[in-house]
Amino acid sequence: MLIPIQQKYALIRILFLNSDWLDSMLMSDPAAAGWHFVMGRLNTHMSEAAVKAVDRIEGTAGKKLGVKGKSGILKNMKTRAAYLGDVSHKVVFHYAPKDALWLNQIEVWFSILVRRFLKRNSFTSTEELKARLH
């Protein structure tokens, strides 16, 4: 689910993450001020591929990436999650709590919103979208 936010930020709820999808999403709008991904605490959401995709955008880690399972940012899931969740980055991953049933309710609400108001529509501005929702 993609939700436009002020200053061309995007909030995305991810169920499963793969590096090809992440790369294509990040390259889809190079002018975006930032990307915020909301996801569960699956291993794939803290993967080496995710860290490397974010590093390509951020250019912050470079030599500090280290070796998976041995050193640096790639050492373990905790170090990878810390890097991916760094709010100073343009690309930020937010991890839902393990018991995130509230997130399912939010997904239901957005699903209803899309079915009733947004499906098969195209909006050229946020004002046009707001008018449709009101």
Side-chain angles (χ1 to χ4, degrees):
M1 176 177 302
L2 179 63
I3 306 156
I5 302 177
Q6 289 180 337
Q7 300 176 344
K8 291 189 84 173
Y9 277 85
L11 174 65
I12 300 173
R13 166 72 158 97
I14 299 177
L15 296 175
F16 300 101
L17 175 72
N18 68 50
S19 60
D20 291 339
W21 180 88
L22 181 60
D23 284 338
S24 66
M25 181 60 67
L26 296 176
M27 296 304 158
S28 69
D29 188 359
W35 295 89
H36 289 258
F37 297 96
V38 179
M39 61 194 74
R41 294 183 176 274
L42 298 175
N43 295 359
T44 57
H45 297 163
M46 300 172 202
S47 68
E48 177 182 13
V51 169
K52 288 181 176 180
V54 171
D55 182 54
R56 283 192 293 277
I57 300 293
E58 299 296 333
T60 55
K63 296 176 185 173
K64 297 188 296 182
L65 283 181
V67 177
K68 185 176 179 181
K70 295 184 180 178
S71 64
I73 293 167
L74 294 173
K75 183 177 183 177
N76 56 42
M77 283 185 27
K78 185 175 181 178
T79 57
R80 293 190 299 264
Y83 175 76
L84 294 169
D86 186 341
V87 295
S88 69
H89 291 170
K90 182 177 179 178
V91 179
V92 182
F93 285 27
H94 302 276
Y95 297 101
K98 289 186 180 188
D99 295 321
L101 295 177
W102 59 271
L103 201 51
N104 293 335
Q105 294 302 313
I106 293 170
E107 285 182 331
V108 168
W109 184 84
F110 277 114
S111 174
I112 293 169
L113 175 73
V114 168
R115 276 195 317 262
R116 290 187 182 172
F117 298 104
L118 306 179
K119 196 171 188 177
R120 296 189 198 100
N121 284 304
S122 179
F123 305 98
T124 58
S125 69
T126 53
E127 290 77 23
E128 197 176 316
L129 173 62
K130 287 177 187 176
R132 174 68 176 114
L133 295 176
H134 293 198

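In this chain, numbering begins with 1 at the start of the sequence shown. Just so it is clear, the values below take in all heavy atoms, side chains as well, and ignore hydrogens, waters and symmetry mates. All values derive from a computational prediction rather than experimental measurement.
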Distance from [X] atom [atom1] to [Y] atom [atom2], nearest 0.5 Å?
{"X": "K64", "Y": "S71", "atom1": "NZ", "atom2": "OG", "answer": "13.0 Å"}
{"X": "T79", "Y": "N76", "atom1": "OG1", "atom2": "CG", "answer": "4.0 Å"}
{"X": "D86", "Y": "E58", "atom1": "CG", "atom2": "CD", "answer": "8.0 Å"}
{"X": "H89", "Y": "I57", "atom1": "NE2", "atom2": "CD1", "answer": "12.0 Å"}
{"X": "F37", "Y": "Y95", "atom1": "CZ", "atom2": "OH", "answer": "10.5 Å"}
{"X": "E48", "Y": "K68", "atom1": "CD", "atom2": "NZ", "answer": "5.5 Å"}

Q: Go through the steps to decide whether K75 and K70 satisfy the test side chain to side chain contact (heavy atoms under 4.5 Å, CB included), and finish with yes or no.
A: CA-CA 5 Å; K75 183 177 183 177; K70 295 184 180 178; over 6 Å; no
Q | Check: A32 main-chain N/O paired with K90 side-chain donor or acceptor under 3.5 Å | A | yes
Q) Taking C-beta and beyond as the side chain, do L133 and L113 meet within less than 4.5 Å on heavy atoms? A) yes
Q. So do L74 and Y83 actually touch side chain to side chain, heavy atoms under 4.5 Å?
A. no
**Q.** Lys/Arg-Asp/Glu bridge criterion (N-O < 4.0 Å) met for E128, R132
**A.**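 No, this pair does not count.
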(Q) Would you say V92 ends up clustered with M77 if hydrophobic residues are merged whenever their side chains have heavy atoms under 4.5 Å apart, either directly or through other cluster members? (A)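 Per the 4.5 Å side-chain linkage, M77 and V92 are not co-clustered.
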**Q.** Path from M46 to V87 over hydrophobic side-chain contacts below 4.5 Å
**A.** no
